[in-house]
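We name chains A, B, ... by the order of the sequence lines, and we start the count at 1 in each one. The structure displayed is predicted, hence computed values, not measured ones.
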Protein chains: 2
Amino acid sequence: MDYRQTIVEEAAVMFRTYGIRAVTMDMLASHLGISKRTIYEVFRDKDELLQGVLKWMREKQSETMKKIFSESENVIEAIFKMLDMMGNHFQKMSPAFQMDMKRYHNEILRKPGDQVEFPYSSSNSEIIKRGIREGVFRKDIDVDITNKCMLEVAKMSNDKTVFPSDDYVSKDVVRTFYLNYLRGISTQKGLDLINLHDKKHK
Amino acid sequence: MDYRQTIVEEAAVMFRTYGIRAVTMDMLASHLGISKRTIYEVFRDKDELLQGVLKWMREKQSETMKKIFSESENVIEAIFKMLDMMGNHFQKMSPAFQMDMKRYHNEILRKPGDQVEFPYSSSNSEIIKRGIREGVFRKDIDVDITNKCMLEVAKMSNDKTVFPSDDYVSKDVVRTFYLNYLRGISTQKGLDLINLHDKKHK
DNA sequence: ACTTTGTAAACTAAAATAGTTTTCTCATTT
DNA sequence: AAATGAGAAAACTATTTTAGTTTACAAAGT
């Protein structure tokens, strides 16, 4: 039987609920009702498993994005839907997971070729380009830089070390932070759409 | 200077955000901007620190409860406010924290006298007694047993292993589960109040 | 100057956990 | 029915973490 997908999905849930380090291989195995050996049959080590999990998360997330993107009438609507989705994801994602991700990230050059990229909020420049085409974003913005910035804003908004959840509600931070940035790159038409959706969503 | 309270409060936040095991003493120290040594000056070991944290959580929680209790017109109103507060707390509380608490709990008889009690939802029989007095709860219920049961219902509602947050929204589970139990011990007057508040809260 | 209070960092000892190996069992195939 | 293979179960090792200690040192108060 091919356990690979089953393992990845369960590991994904456990990692993001409890954090990566908190989930031991024994724990994962017993949750799956299989033996630890079987996991190591499919994945060389925990690192490879993590890579598999992150890859799967990215793929799933990317699909959802595409769906939202294609089902929306305009970019602003798409972004609002996207923010909702992200809000959901981040609510399910334990701070421990984010902490562990940072730690893995900081272990510089663990193995060359290994990319430990943040699974969610992988915004892509397509959104920005479409926004410009639709006359919602200003024509004079640098697509590449803006794309990177929006990703950073999204990441930062959800960083518990920057906005401790005691003082802020994660969802609100994303909204205000991200939307304000959005306003900054919008045309008048874009601003109108933002205000419209913001009111409707509230 | 007396660091004790500062340490306890920071540890409390970190424990419930990242889980107990995920927070190392070094991490805690550097977060506080003090040396690890200083922590050990005040607390013999991590266990004693955890006890301190839990005690403080219980006290703070108990105070809030008393406040809610005294500021409410009737028991049902108090319980709805209480549920709101609990919802908040559980949202801030990482599943890792709950997992670690269970683990500590299972290490039977770690030290005689050590009580590792769950900090939140320490409902007390006062609420039930007041409910009976107000004619909201049936007179024939066993106060002690009901108290214990309500506590268990509250705990269970927030147990991620029972209700994985993928499938359920924690807040909704508490609401339906707890409220249904509540209905079971209520008189007609109680039922009316529950329906009233439930509608208003929605 | 000396004591206290705390920092910084190196250190040790103990615990936890990744990863391995062995043995056993059940099911499928030949 | 014997052989093969896939996986369970559990014991084991080796590595890594982390709790907790010790040491050397610095600033501040007396």
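The OH atom of B:Tyr178 lies 12.5 Å from the CG atom of B:Asn180; values are rounded to the nearest 0.5 Å. The distance from the CD atom of B:Gln51 to the CG atom of B:Asp45 is 9.5 Å, given to the nearest 0.5 Å.
Evaluation of atom-type donor-acceptor distances gives no pair under 3.5 Å for the side chain of A:Lys46 against the base of C:dG19.
Distances shown here put a side-chain N or O of A:Thr38 below 4.0 Å from the OP1 or OP2 atom of D:dA8. A close approach under 4.0 Å does not occur between any side-chain nitrogen or oxygen of A:Arg103 and OP1 or OP2 of D:dT17.
If you take CD of B:Glu41 and C1' of D:dT21, they are 12 Å apart, rounded to a whole angstrom. Atom pair A:Met25:CE and D:dA10:P shows a separation of 19 Å (rounding to whole Å applied). Atom CG of A:Asp47 and atom C1' of D:dT15 are 14 Å apart (whole Å). To the nearest angstrom, P of C:dT17 lies 17 Å from CG of A:Asp45. Atom OH in A:Tyr40 sits roughly 17 Å away from atom P in C:dT22 (whole-Å rounding). Between A:Asp26 atom CG and C:dA15 atom C1' the separation is 14 Å, expressed in whole Å. What separates CG of B:Leu28 from P of D:dG20 is a distance of 12 Å, to the nearest Å. For the pair A:Met27 CE and C:dA18 C1', the interatomic distance rounds to 13 Å; values are reported in whole Å.
A salt bridge is defined here as a Lys NZ or Arg NE, NH1 or NH2 lying under 4.0 Å from an Asp or Glu carboxylate O, and B:Lys55 with B:Glu59 meets this definition. Between A:Arg130 and A:Glu126, no side-chain nitrogen of the basic residue sits less than 4.0 Å from a carboxylate oxygen of the acidic one, so the salt-bridge criterion is not met.
Out of C:dT17, D:dT21, D:dT17, the shortest distance to the side chain of A:Thr24 is found at C:dT17. Counting only heavy atoms from C-beta on, A:Ile34 has its side chain closest to D:dA8 among C:dT20, D:dA8, D:dT17. Distance from the side chain of A:Lys36 is smallest to C:dT20 among C:dT7, D:dG20, C:dT20. Counting only heavy atoms from C-beta on, A:Tyr3 has its side chain closest to D:dA8 among D:dA8, D:dA19, C:dT7.
In terms of modelled atom types and a separation under 3.5 Å, the side chain of B:Ser125 and the main chain of B:Asn147 share no donor-acceptor contact.
Residue-level contact check: B:Arg37 touches the bases, meaning some heavy atom is under 4.0 Å from a base atom.
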